[in-house]
Amino acid sequence: MFGYLRSKGSRGRKKVCYTNDMKIKIRYFASLRDIVEQSEEWLTVPDNAYIADVRTLLLERYPRLQPIMDRSVNAVNHSYVPAETELHDGDEVVFIPPTGGGC
Amino acid sequence: MEPIIQLTHQPLDRAALVEAVSHPSDGGIVVFEGIVRDNARGKQVHYLEYEVYEEMARQQIAQIIAEAQQRWQIEHVAVAHRFGRLEIGEASVIIVVATPHRSEAFDACRYIIDTLKNTVPIWKKEVATNGEAWVEG
C-alpha cells in the first residue's frame, strides 16, 4: 500500500511503501444485523482504505449480505458519504439499507 | 426556539409536543401523526418493530428541520419518533409545526414527514400473520 509519511528531520513529505493498518468500527442495523448476527464489530483495514474496500471485505466475509448491500448507502461518522470516501483510524462506518421510518 | 427532536421508547405525547411548540405569534398549528395500522399489502399486521441509528437520525432530523426552516421561515417545530415494539393504533411519529399562517405549516409539515421517510436511518419490521420482514420505503 502506498501512502505519505512524514519522517523525522525532513520538512517535506516523501512517498514510501508501508503496510500500516488501522481500525474502523462497523455498526449493523435492521436486515444487515439479522444477517451478520451482531450489532457491531471492529475491522482492521489498511491505512487509506476506502468505503468501497470495506464493502468488498464485508462481502467476502458475509456473502449473504450481497443483495441488501447493493441497495444500501454509506455513512461515515453519522453522515452520508460516497463510496470513494477515504477512511481514517477510529471511523464509524454504517451501510444504511433502505429506510422505513414514519408510518 | 430550538427545534424539539425526540427519539424514544416511550409512547409519544401529542399534547405535550403541541404545547411545547405553541407560541403567541403563531396562528396555525399543523400536527401529523403516523399510526401503526393493522394491515399492509394484503397482510394482517400483528405489530411493528422500529429500529433507529440514534446519533445519525438525530443529526438527519436536525438537518431536515433546518432546511424546512430556511424554506418556509418557520420557527416552531417538533419531531418525535418512537422506536421498539409498537402495537396497532399507537403513534410511531408526530410532527408539529406552528407558523403565523396556515399554509406554511401544512407545506413544512408535509415536507418534513416525506423527507424523514427517505433519509433518516429508521427501519420498520412488520410482524404479520405470515412471518416478519423489514419494510423498505
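Computed over heavy atoms, backbone and side chain alike; hydrogens, waters and symmetry mates excluded. Chain A is the first sequence line, chain B the second, and so forth, proteins listed ahead of strands; every chain is numbered from 1.
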Residue part contacting chain A, namely of [X], when any heavy atom lies under 4.5 Å:
| X | result |
| --- | --- |
| B:Phe32 | side chain |
| B:Gln59 | side chain |
| B:Lys117 | both |
| B:Ile113 | side chain |
| B:Tyr53 | both |
| B:Asp114 | neither |

[atom2] on [Y] to [atom1] on [X], rounded to 0.5 Å:
| X | Y | atom1 | atom2 | result |
| --- | --- | --- | --- | --- |
| B:Ile94 | B:Gln6 | CD1 | CD | 8.5 Å |
| A:Ile96 | A:Arg71 | CD1 | CZ | 14.5 Å |
| B:Thr115 | B:Gln63 | OG1 | CD | 10.5 Å |

Residue part contacting chain B, namely of A:Val94, when any heavy atom lies under 4.5 Å: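 Only the side chain of A:Val94 comes within 4.5 Å of chain B.
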Within a strict 4.5 Å, meaning less than it, do heavy atoms of the A:Tyr80 and B:Gln60 side chains meet?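 A side-chain contact exists here, since the closest heavy-atom pair is under 4.5 Å.
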Among the clusters formed by ILVMFWY side chains lying less than 4.5 Å apart, do [X] and [Y] turn up in the same one?
| X | Y | value |
| --- | --- | --- |
| B:Val93 | B:Ile29 | no |
| B:Val96 | B:Val120 | no |
| B:Trp123 | B:Leu116 | no |

Looking at B:Lys124 and B:Glu126, does any basic side-chain N land under 4.0 Å from a carboxylate oxygen?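 Between B:Glu126 and B:Lys124 there is no salt bridge, as every charged N stays at least 4.0 Å from the carboxylate O atoms.
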Taking only heavy atoms into account, what residues of residues 24-34 of chain A are found under 4.5 Å from chain B?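 Within residues 24-34 of chain A, the residues that come under 4.5 Å of chain B (heavy atoms only) are A:Arg27, A:Tyr28, A:Phe29, A:Ala30, A:Ser31, A:Arg33, A:Asp34.
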Taking B:Glu33, B:Glu49, B:Glu55, B:Arg37 one by one, which has the highest count of heavy-atom pairs under 4.5 Å against chain A?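 Winner by heavy-atom pair count: B:Glu55.
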For chain A, find which of B:Thr119, B:Ile95, B:Ile35 contributes the most heavy-atom pairs closer than 4.5 angstrom.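 Highest number of pairs under 4.5 Å: B:Thr119.
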Taking atom types as modelled, find out whether B:Tyr47 and B:Glu90 have a side-chain donor-acceptor pair closer than 3.5 angstrom.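 Side chains of B:Tyr47 and B:Glu90: no pair found under 3.5 Å.
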Could you check whether B:His101 and B:Ser103, counting side-chain N and O atoms only, form a donor-acceptor pair closer than 3.5 Å?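 No, no side-chain donor-acceptor pair sits under 3.5 Å.
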